[in-house]
Amino acid sequence: MKKIFIADIKNYENQEITLQAWLYNKRSSGKLHFLQLRDGTGEIQAVVFKGNVSEDVFALADKITQESSVEVTGTVKKTDRAKIGFEIDATDVKLICGSEDYPITPKEHGPHFLMEHRHLWLRSLKQKAILRVRHRIIKSIRDFFDNHGFTLVDAPIFTPNACEGSTTLFETDYFDQKAYLSQSGQLYMEAACAAVGKAYCFGPTFRAEKSKTRRHLTEFWMVEPEVAFMDIFEDMDLAEEFVEYIVQQVVEHCRPELETLERDISKLENIKRPFPRISYDEAIEILHKKGNDTPNGEDFGGDEETLISEEFDKPVMIHHYPMSVKAFYFKQAENGKAACVDMIAPEGYGEIIGGGQREEDIDKLMAKIKEQNLNPETFDWYLDLRKYGSVPHAGFGLGIERTVAWLCGLSHVRETIPFPRLMDRLKP
RNA sequence: UCCUCGAUAGCUCAAUGGCAGAGCAUUCGGCUGUUAACCGAAGGGUUGUAGGUUCGAGACCCACUCGAGGAGCCA
């Protein structure tokens with residue numbers, strides 16, 4: 001018997017085929033059993049009619065439980081009643097492995113219960129759709145950089161010190177010294193871009209901060225391009241083209257998944273260049289006009305980001321923040337502000353990109369390191385980059401999970417990564 | 001770390017300080033077209049932990065544990 005995947009079912013109309021799948025739900029009606037099957041490539045219903053199968057097979061179809069793995073043989077029939085357009089008229093059902101008391105029933109569950117069963121929750125249709133969108137986002141990122149002459153340069157996970165000096169890092173024993181889990185590959189990409197011109201790294205990132213919000217994980221994935229001979233404005237051009245590409249690739253390739261997630265796709269179709277660009281000072285004006293009294297000179301929190309993003313239906317790039325609220329490595333622009341940019345996603349999804357132009361002058365960089373009470377010795381190799389043919393360069397970091405949350409329309413990043421690591425969750 | 005709310009059946013939730021309940025899941029029975037199928041029946045409880053108030057506490061008070069949402073910090 002021909003063994004096929006559900007995704008290919010349309011090629012086998014009126015032919016007898018065999019499917020290997022899991023039973024995600026079942027309904028019965030006397031002499032009929034409706035088996036809801038999924039095999040990872042799709043979902044389809046198999047109809048087991050008492051008159052078409054042996055007594056044993058009909059009894060098995062009656063007893064079979066949720067999430068059992070099965071092998072179903074039958075004829076592919078076209079029907080308008082099914083979403084996929086076909087169903088299986090079963091002639092044989094074999095049990096591969098049963099399933100006793102599957103915990104996730106076809107009913108509502110709370111987030112804690114679902115997170116405790118994350119390894120099983122992934123099987124549900126919505127979670128599978130999220131995994132697929134995440135996959136497409138990551139593929140689009142790699143394709144984009146590959147198509148734009150970038151070289152993937154992997155940054156280390158073990159680092160000897162904090163990259164930016166401010167955030168709390170995970171400390172671990174490294175033989176007879178301490179090592180820290182990377183919070184950013186950026187400094188290494190600054191070294192890499194002097195070798196390959198356009199570099200990017202893509203890997204996990206760790207923050208030990210006790211953040212407990214819908215936008216934070218302790219382990220998350222970040223992609224960080226860094227380009228030699230690039231200024232802040234070219235950096236914004238790159239970020240804009242990059243995000244447009246990712247969003248449109250997802251719209252093009254993940255329509256069924258977005259529909260499963262009940263995402264308003266028209267809002268994503270609208271994400272086309274140019275994106276609005278406003279300065280920090282203009283952002284402050286918008287806030288004041290809307291009754292938020294954040295003083296000029298202070299950084300924005302989640303509330304401020306949301307207020308600003310409400311003014312636009314595309315991601316908004318806020319550039320040239322005050323130097324005092326940004327890390328030591330940012331270049332000071334002619335207007336005295338930091339040559340930096342944050343991209344805020346629409347619909348309240350918050351900051352997805354942070355980046356900017358780096359200080360290439362060794363004296364100015366050294367002054368900033370001392371000003372922020374950082375130890376110059378730990379940055380000796382980083383300062384070397386400014387000693388030997390230093391050039392203007394810029395880059396940014398994009399958080400994968402926040403991007404997945406935005407494109408999938410999720411209220412919390414914990415669903416955007418297969419096995420999330422949160423302040424209070426290390427399992428499963 | 002701080003603020004707010006919460007913890008009752010496997011799950012989601014009810015229960016004026018006065019008999020511990022429902023839906024789903026499970027088991028059994030019924031139904032030839034179900035779409036979170038439906039109909040009937042059954043089993044299922046140390047009400048998060050430890051104190052206290054009260055004739056009487058799931059409910060009120062105190063502490064702790066765990067969870068949810070938010071703040072700060074950030075992506």
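Letters A, B, ... mirror the listed sequences (proteins, then strands); counts begin at 1. Quick caveat, the model's predicted, so the values are computed rather than measured. In what follows, every heavy atom counts, from backbone to side chain, and hydrogens, waters and symmetry copies are set aside.
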Requested in this report: Figure out the CD/C1' separation between A:Glu100 and B:A25, and round it to whole Å.
Outcome: 13 Å
Requested in this report: Using the P atoms only, state how far B:G69 lies from B:G29, rounded to an integer number of Å.
Outcome: 43 Å
Query raised in the report: Mind checking the C1' distance from B:G44 to B:U49? Whole angstroms is fine.
Result: 24 Å
**Report entry** Closest-nucleotide 5' rank along RNA chain B - winner of A:Gly397 and A:Thr213
**Finding:** A:Thr213
Requested in this report: Residues of residues 344-352 of chain A with any non-hydrogen atom less than 4.0 angstrom from an atom of RNA chain B: list those, numerically ordered, please.
Outcome: A:Glu351, A:Ile352
Query - Aromatic ring proximity, centroids under 6.0 angstrom, A:Phe275 and A:Phe312 - result: no
Query raised in the report: Does the gap between the ring centers of A:His319 and A:Tyr280 come in under 6.0 Å?
Result: no
Requested in this report: Starting at atom CG of A:Asn25, determine the distance to atom P of B:C24, rounded to an integer number of angstrom.
Outcome: 13 Å
Query raised in the report: Hey, does A:His216 reach any base, or is it just sugar-phosphate, or nothing, if we go heavy atoms under 4.0 Å?
Result: base
Report summary line: From the list A:Thr73, A:Thr91, A:Thr75, side-chain hydrogen bond (donor to acceptor under 3.5 Å, both in side chains) with A:Glu16 holds only for A:Thr91
Requested in this report: For nucleotides B:A14 and B:A71, find the distance between their C1' atoms and express it as a whole number of Å.
Outcome: 33 Å
Report task. Round to a whole Å and report the spacing from NZ of A:Lys212 to P of B:A71. Result -> 12 Å
**Report entry** CD1-CG distance between A:Ile284 and A:Asn296, expressed to the nearest 0.5 angstrom
**Finding:** 5.0 Å
Query raised in the report: Strictly under 6.0 Å, is that where the ring centroids of A:Phe158 and A:Tyr174 end up?
Result: yes
Query raised in the report: Reckon A:Ile104 touches a base, only the sugar-phosphate, or nothing at all at heavy-atom distances under 4.0 Å?
Result: nothing
Query - Six-ring centre of A:Phe328, A:Lys368 cation under 6.0 angstrom, axis tolerance 45° - result: no
Report summary line: Here the distance between atom C1' of B:G69 and atom CZ of A:Arg215, to the nearest Å, is 12 Å
**Report entry** Nearest-angstrom distance from the residue atom CG of A:Asp424 to P of B:U1
**Finding:** 10 Å
Report task. Under 4.0 Å from any atom of RNA chain B, heavy atoms only: list the residues of residues 409-418 of chain A that qualify, in numerical order. Result -> A:His412, A:Arg414
Requested in this report: Tell me, with the steps shown, if A:Phe330 and A:Tyr321 meet ring pair (Phe, Tyr, Trp, His ring centres under 6.0 Å).
Outcome: CA-CA 10 Å; A:Phe330 281 107; A:Tyr321 282 63; 9.1 Å; no
Requested in this report: Just say parallel, tilted or perpendicular for the rings of A:Tyr200 and A:Phe150, cut-offs at 30° and 60°.
Outcome: perpendicular
Query raised in the report: Is there a side-chain contact between A:Met115 and A:Pro420, using heavy atoms and a 4.5 Å cut-off?
Result: yes
Query raised in the report: What distance, rounded to whole Å, do you find between the two P atoms, one in B:C62 and one in B:U27?
Result: 45 Å
Query raised in the report: Quick one: which of B:A71, B:U26, B:C74 gets closest to the side chain of A:Asp303?
Result: B:A71
**Report entry** Derivation and outcome, side-chain contact (heavy atoms from CB on, under 4.5 Å), residues A:Ile88 and A:Ile17
**Finding:** CA-CA 9 Å; A:Ile88 308 292; A:Ile17 52 90; 3.8 Å; yes
Query raised in the report: If only side-chain N and O atoms of A:Lys63 are considered, is one of them under 4.0 Å from the OP1 or OP2 phosphate oxygen of B:C28?
Result: yes
Query - Spacing of A:His253 atom NE2 and A:Ile137 atom CD1 [to the nearest 0.5 Å] - result: 13.0 Å
Requested in this report: Could you measure between the two C1' atoms, the one in B:A9 and the one in B:G48, and give it in whole Å?
Outcome: 15 Å
Report task. Take atom CZ of A:Phe220 and atom C1' of B:C74, then tell me their distance rounded to the nearest Å. Result -> 8 Å
Requested in this report: Please round to the nearest 0.5 Å and tell me the distance separating atom OG of A:Ser29 and atom CZ of A:Phe49.
Outcome: 11.0 Å
**Report entry** A:Leu407 vs A:Val247, side-chain contact (heavy atoms from CB on, under 4.5 Å): CA-CA, chis, key distance, verdict
**Finding:** CA-CA 7 Å; A:Leu407 299 189; A:Val247 176; 3.8 Å; yes
Contacts under 3.5 angstrom, residues 92-103 of chain A side chains, donor-acceptor by atom type, not counting sequence neighbours:
{"unit_1": "A:Asp92", "atom_1": "OD2", "unit_2": "A:Lys94", "atom_2": "NZ", "d": "3.2"}
{"unit_1": "A:Ser99", "atom_1": "OG", "unit_2": "A:Gln66", "atom_2": "O", "d": "2.7"}
{"unit_1": "A:Tyr102", "atom_1": "OH", "unit_2": "A:Leu120", "atom_2": "O", "d": "3.2"}

Please tabulate, one pair per line, each protein N/O and nucleotide N/O from nucleotides 6-12 of chain B that are separated by under 3.5 Å, including the distance.
{"unit_1": "B:C11", "atom_1": "O2'", "unit_2": "A:Glu108", "atom_2": "O", "d": "3.1"}
{"unit_1": "B:C11", "atom_1": "O2'", "unit_2": "A:His109", "atom_2": "ND1", "d": "2.5"}
{"unit_1": "B:U12", "atom_1": "OP1", "unit_2": "A:Gly110", "atom_2": "N", "d": "2.9"}
{"unit_1": "B:U12", "atom_1": "O4'", "unit_2": "A:Glu108", "atom_2": "O", "d": "3.4"}

Report task. Return the value, rounded to whole Å, for the distance between atom CE of A:Met115 and atom P of B:G69. Result -> 11 Å
Report task. Calculate, to the nearest 0.5 Å, the distance between atoms SG and OH belonging to A:Cys193 and A:Tyr188 respectively. Result -> 15.0 Å
Report task. Describe the nucleic acid contact of A:Thr65 in one word from base, sugar-phosphate, nothing, applying a heavy-atom distance below 4.0 Å. Result -> nothing
Query raised in the report: What integer number of Å spans the P atoms of B:G72 and B:G56?
Result: 48 Å
Query raised in the report: Is the ring centre of A:Phe34 under 5.5 Å from the base ring centre of B:G33, and are the two planes under 30° apart, so that they stack?
Result: no
Query raised in the report: Tell me: NZ of A:Lys210 to C1' of B:C74, nearest whole Å?
Result: 17 Å
Report task. Spell out, as yes or no, whether a donor-acceptor pair under 3.5 Å connects the side chain of A:His135 to the backbone of A:Leu131. Result -> no
Report task. Scan residues 232-243 of chain A against RNA chain B and write down, sorted by residue number, each residue with any heavy atom closer than 4.0 Å; if none is found, say none. Result -> none
Query raised in the report: Heavy atoms under 4.0 Å, any strand shown: does A:Gln45 hit a base, just sugar-phosphate, or nothing?
Result: base
Report task. Name the residue closer to the 5' end of RNA chain B, choosing between A:Phe300 and A:Asp62 according to the nucleotide with the nearest heavy atom. Result -> A:Asp62
Query raised in the report: Between the side-chain atoms of A:Glu116 and the base atoms of B:G67, is any donor-acceptor pair under 3.5 Å?
Result: no
Report task. When you get a sec, tell me which of B:G33, B:C74, B:C73 is the closest nucleotide to the side chain of A:Glu209? Result -> B:C73
Query raised in the report: Going from CD1 on A:Ile318 to CE on A:Met343, what distance comes out if it is rounded to the nearest 0.5 angstrom?
Result: 11.0 Å
Report task. Convert the base pairs of RNA chain B into dot-bracket notation, remembering that pairs crossing earlier ones are written with [ ] and that bases paired across to another strand are shown as |; include only Watson-Crick or G-U pairs under 3.5 Å. Result -> (((((((..((((....[..)))).(((((.......))))).....((.((..]....)).)))))))))....
Query raised in the report: Between A:Asp39 and A:Gln20, is any pair of side-chain heavy atoms under 4.5 Å apart?
Result: no
**Report entry** C1' gap between B:C31 and B:G21, integer Å
**Finding:** 29 Å
Query raised in the report: Relative to each other, are the rings of A:Phe113 and A:His117 parallel, tilted or perpendicular (30° and 60° limits)?
Result: tilted
Query raised in the report: Looking only at atom P, what distance separates B:C60 and B:G17, rounded to whole Å?
Result: 8 Å
